[in-house]
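See structure below.
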Amino acid sequence: MTHALSLALAQLNPTVGDVAGNVARIRTLRAQAATAGADVVLFPELSVSGYPPEDLVLKPAFQAACRSSVETLAVETSDGGPAMIVGTPWIDGGKLYNAACVLDGGRIQTVRFKHHLPNYGVFDEKRVFAAGPLPGPVALRGVRFGLMICEDMWFPDVAECLSESGAEILIVPNGSPFESDKITQRLHLAMARTAETGLPLVYVNQIGGQDELVFDGASFALNADGAPAIQLGAFSEELGITKIRRVHGGVMLDKGVARRTPDELEGIYSALCVGLRDYVDKNRFKGVILGLSGGIDSALTAALAVDGLGADRVRAVMMPSRFTGRESLEDAAECAKHLGVRLDEISIEPAVEAFSAMLSGQFAGTKPDITEENIQSRCRGLTLMALSNKFGLMVVSTGNKSEMSAGYATLYGDMCGGFAVLKDVWKTTVFELCRWRNSARPSGGLGPPGRVMPDRVITKPPTAELREGQTDEASLGPYSQLDAILKELVERERPISEIVDLGYPEADVRRIWRMLDLSEYKRRQAPPGVKITSRAFGRERRYPITNGFRG
């Protein structure tokens with residue numbers, strides 16, 4: 001490097017398994033980087049295969065497709081354009097690695113392997129990848145790059161090894177999923193590595209939804225003193241350029257773009273939008289359909305769908321019964337009007353009466369109970385699935401994390417659907433997100449600005465309206481207490497005695513703990529949904545259904 005080397009951070013949205021599509025996007029971004037004068041383009045972790053590939057990466061044919069594509073990309077660098085650092089699965093010595101390949105001059109210059117393999121939460125890389133050795137630096141166009149793949153940044157040893165072996169700058173390709181406050185956490189870890197090594201650090205992260213995970217991007221670069229050099233935006237594809245300049249005793253980065261990162265509620269709302277959008281688009285659905293009840297959960301779900309997909313791809317159905325109040329009909333209609341979505345009304349009474357007649361002989365001599373309530377919910381689920389089958393629209397279920405925790409949901413009823421966008425959203429957060437969306441709009445949101453749901457949807461007591469006078473909190477207790485206790489049980493695994501010591505009544509803690517445990521069989525059958533908290537149901541919290549432990 002004579003004077004300066006221009007480095008491009010390519011924050012892209014890959015699709016797991018779509019090797020050809022991912023490589024095409026890599027080519028496009030490299031061409032854009034070349035136009036911007038870049039010498040090297042850095043892509044995220046496993047950008048060729050998509051991340052996380054899970055057991056797909058064990059297929060020999062998939063491994064071969066990734067390798068062949070990388071070899072083709074390498075040949076293309078003979079055009080005199082930018083070098084590339086791309087992430088891919090890689091077989092070496094009979095072992096499968098999570099690798100970063102350095103491509104320049106028409107060939108694969110070198111390959112580095114991920115050393116620390118995460119095996120917690122949503123990650124289980126030790127099942128599919130071998131751990132690579134501690135890496136040495138890579139000489140590329142006059143700069144000694146120290147490659148650390150994602151988790152390698154979370155520990156000091158890889159950065160220390162690279163620093164001691166002559167690296168001049170730390171380069172971190174990532175597939176780091178969104179969680180609330182994760183952007184701040186990553187930045188603090190990066191600053192720790194720069195402080196320990198005295199080296200600048202460049203961090204590039206993918207964006208987009210992949211099943212239950214959402215990647216927020218928010219790529220950045222720091223100088224050796226921890227000062228920011230570049231900050232890319234969240235939840236959108238972007239190319240950021242910085243120059244690496246040689247200074248006394250090392251290198252430094254020029255300042256580049258400085259995008260604003262979202263605050264907590266904006267980040268959560270955007271993650272939910274992107275997760276739903278990409279699940280629909282990457283699985284090639286025409287659009288979505290949902291039950292719009294006039295309640296807060298369905299109103300928020302509808303707003304997220306419109307912001308992510310556009311009103312023309314969202315269809316809502318109000319399915320009243322004899323217990324549906326006038327306010328619910330009015331609120332559903334007003335919500336649909338604000339959002340600009342089609343709203344159909346289909347009464348479930350004929351179906352409920354048919355089931356009542358069909359089961360009357362079996363139910364003779366019994367009193368109405370939750371069975372009759374669940375029949376109503378299942379009639380709605382059946383209606384939505386029929387419309388889904390007929391018109392090719394994916395059903396989005398509207399249940400939240402509080403309901404899924406307590407089992408306050410009906411299998412094959414309101415749990416019915418292809419995707420549960422609020423699956424990891426506590427009810428108290430649902431209220432906060434609705435207030436936020438009525439006063440703001442996410443960046444890139446396709447819905448209308450301003451208020452998108454009636455104030456009454458947010459202020460009235462939530463109810464399933466499956467019997468006269470029913471309210472959620474009469475069954476579950478106050479949501480503020482329910483969510484507080486559930487967070488201790490689910491996200492922190494606190495024992496009952498410790499939660500009681502926090503000031504909650506023991507009887508309430510035990511009741512909620514029991515509901516949580518007994519509902520595991522329901523959660524196991526729930527559709528996927530966006531992860532936004534530190535511990536989501538599904539891949540991250542895996543409890544046995546048959547469970548004799550009683551605390």
Side-chain angles (χ1 to χ4, degrees), residues 14 16-17 19 22 42-60 62-63 66-67 70 85-102 110-138 145-163 165 167 170-179 182 185-186 188-190 192-193 196-197 201-206 210-216 219 531 534-536 538-542:
V16 166
V19 177
N22 297 338
L42 173 63
F43 291 92
E45 178 181 16
L46 295 183
S47 45
V48 170
S49 63
Y51 185 85
E54 302 186 69
D55 285 6
L56 175 63
V57 79
L58 299 177
K59 284 185 175 292
F62 183 66
Q63 297 165 5
C66 291
R67 189 180 193 112
V70 172
I85 301 173
V86 298
T88 185
W90 198 257
I91 293 284
D92 186 80
K95 294 181 178 180
L96 178 63
Y97 294 97
N98 180 334
C101 292
V102 180
T110 190
V111 182
R112 289 292 182 269
F113 303 136
K114 190 172 184 177
H115 179 67
H116 289 289
L117 300 177
N119 208 56
Y120 56 85
V122 299
F123 306 106
D124 53 3
E125 289 193 30
K126 288 183 180 179
R127 288 187 66 249
V128 293
F129 292 118
L134 284 168
V138 173
F145 289 90
L147 284 171
M148 308 192 299
I149 302 174
C150 200
E151 189 79 1
D152 288 345
M153 190 186 77
W154 291 63
F155 299 89
D157 58 341
V158 177
E160 180 183 15
C161 177
L162 288 166
S163 174
S165 54
L170 302 174
I171 301 292
V172 192
N174 286 264
S176 181
F178 171 84
E179 283 178 21
K182 188 81 168 285
Q185 188 179 10
R186 296 183 197 125
H188 288 165
L189 280 165
R193 301 293 88 86
E196 292 158 1
T197 62
L201 183 146
V202 177
Y203 179 106
V204 65
N205 190 25
Q206 74 176 54
Q210 174 59 38
D211 293 347
E212 296 192 295
L213 301 181
V214 177
F215 300 86
D216 52 298
S219 306
K531 167 186 161 58
S534 61
R535 200 166 191 221
R539 289 175 53 172
E540 201 161 25
R541 185 186 186 275
R542 292 172 281 188

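Just so it is clear, the values below take in all heavy atoms, side chains as well, and ignore hydrogens, waters and symmetry mates.
Checked by atom type and distance alone, the side chain of Asn174 never pairs as donor or acceptor with a backbone atom of Pro44 at under 3.5 Å. Using a distance-only test at 3.5 Å, with no hydrogens or angles considered, no donor-acceptor pair links the side chain of Asp124 to the main chain of Asn119. For His116 (side chain) and Glu151 (main-chain N/O), no donor-acceptor pair under 3.5 Å exists by modelled atom type. In this structure, the side chain of Ser163 does not engage the main chain of Ala159 through any donor-acceptor pair within 3.5 Å. Between the side chain of Gln210 and the main chain of Gly50, no donor-acceptor pair closer than 3.5 Å is present.
Side chains of Asn22 and Val48 form no contact here, defined as non-hydrogen atoms less than 4.5 Å apart. Using a 4.5 Å heavy-atom cutoff, the side chains of Met148 and Ile171 are not in contact. Using a 4.5 Å cut-off on side-chain heavy atoms (C-beta onward), Phe43 and Pro173 make no contact. The shortest side-chain heavy-atom distance between Val158 and Arg193 does not fall under the 4.5 Å cut-off. The shortest distance between side-chain heavy atoms of Cys66 and Ser49 falls below 4.5 Å. Residues Lys182 and Gln185 form a side-chain contact, since some pair of their non-hydrogen atoms from C-beta on lies under 4.5 Å apart. Leu170 is listed as a side-chain neighbour of Thr197, based on a closest heavy-atom distance under 4.5 Å. Between Val128 and Asp55 the shortest side-chain heavy-atom distance falls below 4.5 Å.
The OH atom of Tyr203 sits 4.0 Å away from atom CZ of Arg186, with the distance rounded to the nearest 0.5 Å. The CG atom of Leu42 sits 8.5 Å away from atom CZ of Phe145, with the distance rounded to the nearest 0.5 Å. Interatomic distance, Asp152 CG to Asp157 CG, rounded to the nearest 0.5 Å: 8.0 Å. One finds the CG atom of Leu58 at 7.0 Å from the CD atom of Gln63 (value rounded to the nearest 0.5 Å).
Contact between Asp216 and Ser176 at its shortest, heavy atoms only, is OD1-O, 3.7 Å. When all heavy atoms are compared, the tightest approach of Ser165 to Gly136 is OG-CA, 4.1 Å. The heavy-atom pair separating Arg112 from Pro137 by the smallest distance is NH2-O, 3.2 Å. Contact between Cys161 and Pro135 at its shortest, heavy atoms only, is SG-O, 3.4 Å. For Ser534 against Glu540, the heavy-atom pair with the smallest separation is O-OE2, 3.1 Å. Listed here is the closest heavy atom pair of Pro53 and Val16: CA-CG1, 3.9 Å.
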Report the C-alpha separation of Cys150 and Lys114 in whole Å, then their side-chain angles, then the decisive distance to 0.1 Å, and conclude whether the side-chain contact (heavy atoms from CB on, under 4.5 Å) test is met.
CA-CA 8 Å; Cys150 200; Lys114 190 172 184 177; 3.9 Å; yes
Kindly indicate, with the supporting measurements, whether the criterion side-chain contact (heavy atoms from CB on, under 4.5 Å) is fulfilled by Phe113 and Phe129.
CA-CA 10 Å; Phe113 303 136; Phe129 292 118; over 6 Å; no
Using side-chain contact (heavy atoms from CB on, under 4.5 Å), reason through Ile149 and His115 one step at a time and then give a plain yes or no.
CA-CA 8 Å; Ile149 302 174; His115 179 67; over 6 Å; no
Test side-chain contact (heavy atoms from CB on, under 4.5 Å) on Val111 and Val102; report intermediate values, then the result.
CA-CA 6 Å; Val111 182; Val102 180; over 6 Å; no
Listed pairs under 3.5 Å, donor-acceptor, residues 87-101 side chains, sequence neighbours left out:
residue : atom : partner : partner atom : Å
Asn98   : ND2  : Glu45   : OE2          : 2.7
Asn98   : ND2  : Glu125  : OE1          : 3.4

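Ion pairing between a basic and an acidic side chain is recognised when a charged N comes within 4.0 Å of a carboxylate O; Asp211 and Arg539 show no such pairing.
Residues meeting the side chain to side chain contact (heavy atoms under 4.5 Å, CB included) test with Glu160, sequence neighbours left out: Glu164. Among residues two or more places apart in sequence or in another chain, the salt bridge (Lys or Arg N to Asp or Glu O under 4.0 Å) test is passed with Glu179 by Lys531.
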